[in-house]
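First comes the structure, then the notes that go with it.
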Amino acid sequence: MSDTDTEPAYGVARYLAVEHVDSPTVTPAGRLLFLADTSGTPQVWTTSDPGAWPERLTPHEERVSTVAASPTDEAFVFGMDRGSDERDQLFHYDLDTGAETALTADPESKHAWGAWGPDGERIAYTANRDEDGRFDVYVQRVGAGCERGEGCDPGHPERVHEGPGGWLDVEAFGPRGERLVISKPHSSYDVELSLLDLDSGEVTTLSDDAEATYSHVHFDGDGGLYCITDHGTDTTHVGRFDLDTGELEKVAGCDGNRSGEPGTAAWNVDALAYDAETGRLAFAVNEGGYSAVRTGTLDGTDFEPTDAPEVDGIASGFTFGPDAERVAFTHTAPTEPYGVHSVEYGETEETIWTPVGTNGLPEESFRAPETVHYETFDGREIPAYWTSPEGASADDPAPVIVDIHGGPEHQRRPWFYPTKQFFLNRGYAVLEPNVRGSSGYGKAYAHLDDVERRMDSVADIAAAVEWLEGRPDVDPDRVVAYGRSYGGFMVLAAITEYPDLWAAAVDFVGIADFTTFLENTGEWRRSHREAEYGSLVDDYEFLKSISPLSHVENVRCPLFVQHGANDPRVPVGEAEQVVEAVRERGVPVEKLIFEDEGHHTTSRENLVEEFEAIAEFLDEHV
Ligand SMILES: CSCC[C@H](NC=O)C(=O)N[C@@H](C)C(=O)O
């Protein structure tokens with residue numbers, strides 16, 4: 001069925017109600033905790049056995065964004081914001097009593113979860129409590145630690161380090177609780193990694209001056225520090241710092257070069273869990289968006305692989321249970337909703353802990369993409385996922401949604417994507433390009449859209465439409481530009497730079513003018529974003545020249561703009577100004593702004609309203 005005039009079989013509420021389950025974490029007693037949006041927003045749930053009816057633990061309406069089990073007690077910490085404002089507060093939950101304790105109570109500040117101390121009596125995190133534009137490091141006693149120490153009550157965490165300004169993260173807590181690993185992201189590809197001594201307050205920089213990223217940091221308890229890094233390589237691999245010498249070595253066999261042949265295409269290592277007691281390791285290689293899971297044992301920089309599951313789709317968020325006997329992870333695939341799986345260490349058979357239902361949507365109605373590559377203006381091959389609807393053919397060509405991801409330092413991957421399945425069911429084909437600047441394909445590819453090369457990535461979108469026009473099963477007069485956040489900028493740039501290509505456009509929380517966006521985005525994130533886009537001072541005229549708002553007179557196609565009033569990243573003013581400018585030119589514009597949402601629409605009710613309005617808009621104009 002590719003004609004959007006026929007009544008779709010299923011409303012968007014059915015798709016949006018397909019539960020999203022992720023973020024597994026395991027308590028010392030082996031209790032599995034995870035986030036699930038069954039109630040309409042992500043909350044913390046638990047289940048005793050694979051497939052058993054889960055039990056909800058946190059009773060809130062606001063979204064829970066993070067959950068971390070204590071290493072010593074039957075307890076966990078969770079983070080939750082208000083109205084999707086991303087200013088998370090932290091809470092402690094005692095699983096034995098059900099008692100929930102607010103650990104922070106500063107709603108104007110963002111509290112970024114870091115790590116549990118090894119004794120389970122302290123936590124470490126960063127927050128911009130003192131200055132909106134500066135994250136500092138805090139350590140706070142929690143739970144059992146409260147009976148034996150100061151600083152439990154909200155408002156009195158101990159600030160152990162004043163940050164240099166901008167973002168700052170806690171990556172790990174030392175095995176004897178005496179130090180932290182902290183990271184300062186100067187850009188998405190340039191991270192400074194340091195050790196913070198909690199007694200002296202001294203900071204020792206571990207990373208050198210080379211541009212590199214460091215993440216998934218784990219002490220090995222033997223004077224070493226494991227991490228995922230791309231130091232000296234185009235793609236990421238597992239590395240180990242020798243904390244005595246400061247030397248960083250690559251762990252052989254723990255990279256994306258699965259064939260082992262030198263020079264063959266290497267992919268990113270993108271998810272990692274490590275258990276220092278056993279030396280056991282689990283990680284995933286991101287092969288064109290699909291995950292190859294690897295497990296094994298580390299001893300220094302020697303890796304001894306074991307059998308591992310062959311997952312279809314994507315595996316992420318690995319976490320070991322007690323004694324590292326089992327590793328749990330988040331799994332999804334194009335036709336498989338997000339759920340929590342596990343595998344016994346060294347085994348290949350997955351156990352599904354949270355079999356997610358599909359609200360009566362036939363699983364066979366879900367459609368999977370094929371990975372395609374299309375040539376763009378400079379001869380490069382751009383990777384993309386192509387999914388056509390049931391029945392599309394040369395006799396019945398389909399309309400197409402060109403769905404552009406955000407970031408730009410993000411990667412669209414073959415995950416379960418409910419609203420994509422909804423539009424497929426309504427007869428739309430969907431093309432999801434990972435244009436230059438996307439992550440997941442190496443540092444060099446990610447830098448291809450930096451600053452003055454910004455519009456090259458927009459040209460990659462025009463090349464995508466040219467590729468579509470060559471397909472007999474596509475109606476070239478019914479192509480929609482569609483994207484969120486940075487992807488919203490790409491939509492507005494595409495319809496102003498290449499106005500004749502589009503039948504309609506949908507901009508979710510997009511950047512309309514880089515100068516007003518950078519002036520008004522959260523102060524803590526400005527320098528990081530300037531590293532990607534350009535300096536407000538040095539590149540002001542350039543930024544103005546490439547901003548869609550400067551070329552809005554070119555817009556021909558009807559435009560739908562969605563935003564959230566609480567958006568701390570892309571201020572809602574970006575939506576207001578582009579709607580006004582396009583509307584002034586007599587082009588049909590629809591605006592949907594939620595007063596109780598931010599950069600993401602988190603409430604189920606608002607999501608249903610949003611996508612019903614977009615479906616109606618597309619039915620009218622495409
Ligand atoms: C630090 S990467 C920012 C990713 C995020 N995702 C959406 O695209 C985002 O906020 N991107 C834009 C808006 C930005 O701030 O650069």
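Remember, it's 1-based here, ligands and their atoms both numbered in the order they're listed. Atom set for the values below is all heavy atoms of this structure, side chains included, hydrogens, waters and symmetry mates excluded. This structure is a prediction, so every number in the text was calculated from the model and none was measured.
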Ligand-protein N/O pairs under 3.5 Å (ligand 1):
from, atom 1, to, atom 2, distance (Å)
ligand 1, 8 (O), G407, N, 2.5
ligand 1, 8 (O), S485, OG, 2.6
ligand 1, 8 (O), Y486, N, 3.2
ligand 1, 10 (O), R525, NH2, 3.2
ligand 1, 10 (O), R569, NH1, 3.4
ligand 1, 11 (N), G407, O, 2.9
ligand 1, 11 (N), S485, OG, 3.4
ligand 1, 15 (O), R525, NH1, 2.7
ligand 1, 15 (O), R525, NH2, 3.0
ligand 1, 15 (O), R529, NE, 3.4
ligand 1, 16 (O), R529, NE, 2.6
ligand 1, 16 (O), R529, NH2, 2.9
ligand 1, 16 (O), Y533, OH, 2.6

Would you say the side chains of H621 and E590 form a donor-acceptor pair under 3.5 Å? no

Centre-to-centre under 6.0 Å for Y15 and F611, is that the case here? no

Just how far is it from atom CD1 of I593 to atom CD of E610, taken to the nearest 0.5 Å? 11.5 Å

Between the side chains of N286 and Q411, does any donor sit under 3.5 Å from an acceptor? yes

Might you point out which heavy atoms bring F517 and V570 nearest each other, and give the distance in Å? CE1-CG2, 4.0 Å

Quiz question: by atom type and distance under 3.5 Å, do the side chains of N554 and T496 form a donor-acceptor pair? no

